[in-house]
Amino acid sequence: MTGKPLSTALDHFSHHAKDHLQDLKDLVRIPSISFPGFDASPVMACAEAVAILLRKHRLNDVRVLGTTTGYPSVFGQWIGAPGRPTLLLYAHYDVQPAGREDLWKTPPFEPSEREGRLYGRGASDDKGGVMMHLAAISSWLQGAGRLPVNVKVLIEGEEEVGSGNLEQLLKEHGRLLAADAVVIADSENFETGVPSLTASLRGIVTVTVEVRSLSSSVHSGTWGGPLPDPVLALARMLATLVDDQGRPAIPGILGKVRPLSSRDRASLESLPFKEALYRKQSRVLDSVNIIGGPGTVYEKMWYRPSIAVNAIEASSRKQAANIINDAAWARVGIRIVPDMDPLETLGLLKDHLVKQAPWGVQVTVNPESPSRWWRTDTEGPIFEAALAALEKGYGRKPVVTGAGGSIPFVRTITEILGGVPALLFGVGDPYAANHSENESLVIADWESSCKSLIYLFAELGERK
Ligand code: BES
Ligand code: MN
């Protein structure tokens, strides 16, 4: 389909892009932080706001799908194209906490446009993705009066906390969600303005670890010497997680890492790499080394495991008195890759931490819900359609990349739907600062992604 309906949909989008952007800003205003300890009411309000948008754009059967615990997902569909393929469109409405509020140039939940970017928590991850789906659907339905394919929309509310209830929800509503392919708007472009199709995700295994040596903190002068400091104990334990090149050093952890095929290696090496650009994108400071041993940064980010200590707590800067703390706490995450198993990785990590604990300190390790890695081939008509659509939407040749981040939904839904293909392309870019302060979205790229999805519907509708 290249004729009139498509151009009507594209025209409709160009006339209404500003309205969709306004809806995105209104979503960004809602602090829908899914982390435990944050107010639940804005998260529920955001689910409701998404449901209202789905109805406004004429989706049918709009429902807020709850589970017994956790935040709901929002569903809606338009299935008025019998005989044509059905796409399940996914994004998430929950966001990360704001981080250090004083580092935001404008407040995190007050959307603000500067130099072609929309700033605000969730602008890129992933409310921009939510609005990408809705803008594309609306452009077809309002512009052309119909869609060339059937669509089902699922907008999740706890992706940023590991989607712990999603599997149950997907199993419960398997029939409602049945589709020929899924389109996930929750990834990033390789570079600003470069359309990118993501063909792999790492998984993640996260734990919190607490080390305790005293029943309460004590004066470090009076008591220091014979007593084990839990902060030093934790520091020693954490230091054993990596080798001198920063690579995971937990015994057994690398055993299942799949070696790169020569095809994979060739494709990684074909990606343009400029150290200066990589340094700018990654925000690494000038004097700081790029670590991880030999290999391209892409191999290290996409196909090798990595470990990060997200937070450490023991007293605080403000209360840093001369004490031996009673306890120390950290949150540790391991990104996992083919063919690592989340539960096996968790076991190795737990056992290692306990084994490395010095001086008889008490160690408690608590796991969070893990996410599996995902990888796909990009051969076949559906991937060709996606690449063609991205090229048209951006006016530029797309690249196929991997990603270092995780999206639990992808593996789970493709398995439940019997191995259907997943198309991942999103609205982020390397400067989006997702999960950090001053998160932002390139408005022009977001518009190009919306247009790509408008084209994708046409490409897939044509094929039957
Ligand atoms: N959008 C990201 C995942 C992502 C990042 C995909 C970069 C592709 C490229 C997503 O919202 C996210 O941050 N996910 C969490 C998942 C975890 C809590 C299971 C992550 O990766 O930390
Ligand atoms: Mn996201």
task = Could you tell me whether D264 and R258 make a salt bridge, using a distance below 4.0 angstrom between a side-chain N and a carboxylate O?
result = no
key: Heavy-atom closest contact (V427 atom, G129 atom, distance)   = CG2-N, 3.8 Å
query = Do Y431 and E191 meet the criterion of a side-chain donor-acceptor pair at a distance under 3.5 Å?
reply = yes
ask   = Which atoms form the tightest heavy-atom contact between A178 and L417, and what is the distance?
value = CA-CD2, 3.8 Å
task = Return yes if some donor-acceptor pair links the side-chain N/O of D243 with the main-chain N/O of Q245 below 3.5 Å, else return no.
result = yes
inquiry  = In the structure I gave you, are the side-chain heavy atoms of S163 and F409 within less than 4.5 Å of one another anywhere?
reply    = no
Side-chain heavy atoms of L241 within contact of H352, under 4.5 Å = yes
Carboxylate-amine/guanidinium contact E379 R263, below 4.0 Å = yes
Test: E447 and K451 ion pair at under 4.0 Å = no
inquiry  = Regarding T106 and R114, do their side chains bring together a donor and an acceptor under 3.5 Å, going by distance alone?
reply    = yes
task = Verify, without hydrogens or angle tests, whether H133 (side chain) and Y90 (backbone) share a donor-acceptor contact under 3.5 angstrom.
result = yes
Quiz: residues 52-65 side-chain donor-acceptor pairs under 3.5 angstrom, not counting sequence neighbours:
| residue | atom | partner | partner atom | Å |
| --- | --- | --- | --- | --- |
| K56 | NZ | D23 | OD1 | 3.2 |
| K56 | NZ | D23 | OD2 | 2.8 |
| H57 | ND1 | S138 | OG | 3.2 |
| D61 | OD2 | Q77 | NE2 | 2.7 |

Chi angles and distances behind the salt bridge (Lys or Arg N to Asp or Glu O under 4.0 Å) call for E313, R331 = CA-CA 9 Å; E313 201 173 275; R331 183 171 188 262; over 6 Å; no
Any residue meeting salt bridge (Lys or Arg N to Asp or Glu O under 4.0 Å) with R202, in chain and number order, not counting sequence neighbours = none
query = Distance from L24 atom CG to M131 atom CE, nearest 0.5 Å?
reply = 6.5 Å
task = Decide yes or no for R396 and P195: does some side-chain heavy atom of the first lie under 4.5 Å from some side-chain heavy atom of the second?
result = yes
note = From the list V95, D26, I155, V50, side chain to side chain contact (heavy atoms under 4.5 Å, CB included) with K127 holds only for V95
request  = Verify side chain to side chain contact (heavy atoms under 4.5 Å, CB included) between L176 and K152, making sure each step is shown before the conclusion.
outcome  = CA-CA 9 Å; L176 184 66; K152 298 179 172 183; 5.8 Å; no
ask   = Nearest 0.5 Å, what's the CZ-CG distance between R411 and L201?
value = 10.5 Å
request  = Classify the ring geometry between H20 and F13 as parallel (under 30°), tilted (30 to 60°) or perpendicular (over 60°).
outcome  = parallel
request  = For K280, check side chain to side chain donor-acceptor pair (under 3.5 Å) against everything at least two apart and list the hits.
outcome  = none
inquiry  = So does T206 get a backbone contact from the side chain of E368, meaning a donor-acceptor N/O pair under 3.5 Å?
reply    = no
message = Looking at T208, is its backbone amide N or carbonyl O close enough to the side chain of W329 to form a donor-acceptor pair, meaning the two atoms are under 3.5 Å apart?
response = no
remark   = Exactly one of T345, I336, V257 clears side chain to side chain contact (heavy atoms under 4.5 Å, CB included) with P305, and that residue is V257
ask   = side chain to side chain donor-acceptor pair (under 3.5 Å) with E115: which residues, sequence neighbours excluded?
value = none
ask   = Hey, are the side chains of I334 and I250 touching, using non-hydrogen atoms and a 4.5 Å cut-off?
value = yes
request  = Verify side chain to side chain contact (heavy atoms under 4.5 Å, CB included) between V151 and F457, making sure each step is shown before the conclusion.
outcome  = CA-CA 9 Å; V151 295; F457 293 159; 4.1 Å; yes
query = Between P97 and R121, what is the shortest heavy-atom contact and its length?
reply = O-NH2, 2.8 Å
message = Counting only heavy atoms from other residues, nucleotides and ligands, does the tally under 6.0 Å from CG of D286 exceed 12?
response = no
task = Say whether, by atom type as modelled, one donor and one acceptor occur between the side chain of N438 and the main chain of A433 under 3.5 angstrom.
result = no
query = By side chain to side chain donor-acceptor pair (under 3.5 Å), which residues pair with S34, not counting sequence neighbours?
reply = D94
query = Can you find a pair of side-chain heavy atoms, one from W373 and one from R335, that are under 4.5 Å apart?
reply = no
ask   = When you check the gap from the basic side-chain N to the acidic O, do R372 and E415 get nearer than 4.0 Å?
value = yes
query = Looking at CG of D429 and CG of N189, how far apart are the two atoms once the value is rounded to the nearest 0.5 Å?
reply = 7.0 Å
request  = Considering non-hydrogen atoms only, spot the tightest contact between W104 and A98 and give its length.
outcome  = NE1-O, 2.8 Å
request  = Determine whether D180 and V420 make a side-chain contact, defined as any pair of heavy atoms from C-beta on separated by less than 4.5 Å.
outcome  = no
key: Working for side chain to side chain contact (heavy atoms under 4.5 Å, CB included), residues W302 and T401   = CA-CA 9 Å; W302 303 340; T401 70; 3.7 Å; yes
request  = To the nearest 0.5 angstrom, please state how far the CZ atom of F35 sits from the CD atom of E160.
outcome  = 7.0 Å
remark   = Separation between CD (E299) and CG (L271), nearest 0.5 Å, reads 12.5 Å
Where L423 and A386 come nearest, the two heavy atoms and their spacing = CD2-CB, 3.8 Å
query = Closest heavy-atom contact between S449 and F425?
reply = O-CE1, 4.2 Å
task = Tell me, with the steps shown, if L154 and I413 meet side chain to side chain contact (heavy atoms under 4.5 Å, CB included).
result = CA-CA 11 Å; L154 189 74; I413 192 69; over 6 Å; no
ask   = Can you tell if the side chain of Q96 reaches within under 4.5 Å of the side chain of E439, non-hydrogen atoms only?
value = no
request  = Mind running salt bridge (Lys or Arg N to Asp or Glu O under 4.0 Å) on E275 and R279 for me, showing each step along the way?
outcome  = CA-CA 6 Å; E275 182 163 337; R279 284 186 165 273; 3.1 Å; yes
query = How long is the gap from CG on L277 to OG on S282, to the nearest 0.5 Å?
reply = 9.5 Å
key: Under the salt bridge (Lys or Arg N to Asp or Glu O under 4.0 Å) test, residues paired with E344 that sit two or more places apart   = K256
ask   = Just by modelled atom types, is the L147 backbone N or O under 3.5 Å from a matching donor or acceptor in the W78 side chain?
value = no
inquiry  = Test your reading of the model: is there a side-chain donor-acceptor pair from Y394 to the backbone of D445, 3.5 Å cut-off?
reply    = yes
Any Y119 side-chain heavy atom under 4.5 Å of E113 side chain = no
inquiry  = Assess the residue pair S73 and Y93 against the criterion (side chain to side chain donor-acceptor pair (under 3.5 Å)); give the C-alpha distance rounded to whole Å, side-chain angles, the decisive distance to 0.1 Å, and a yes or no.
reply    = CA-CA 9 Å; S73 293; Y93 68 82; over 6 Å; no
task = Would you check if the side chain of H12 reaches a backbone N or O of T8 as a donor-acceptor pair within less than 3.5 Å?
result = no
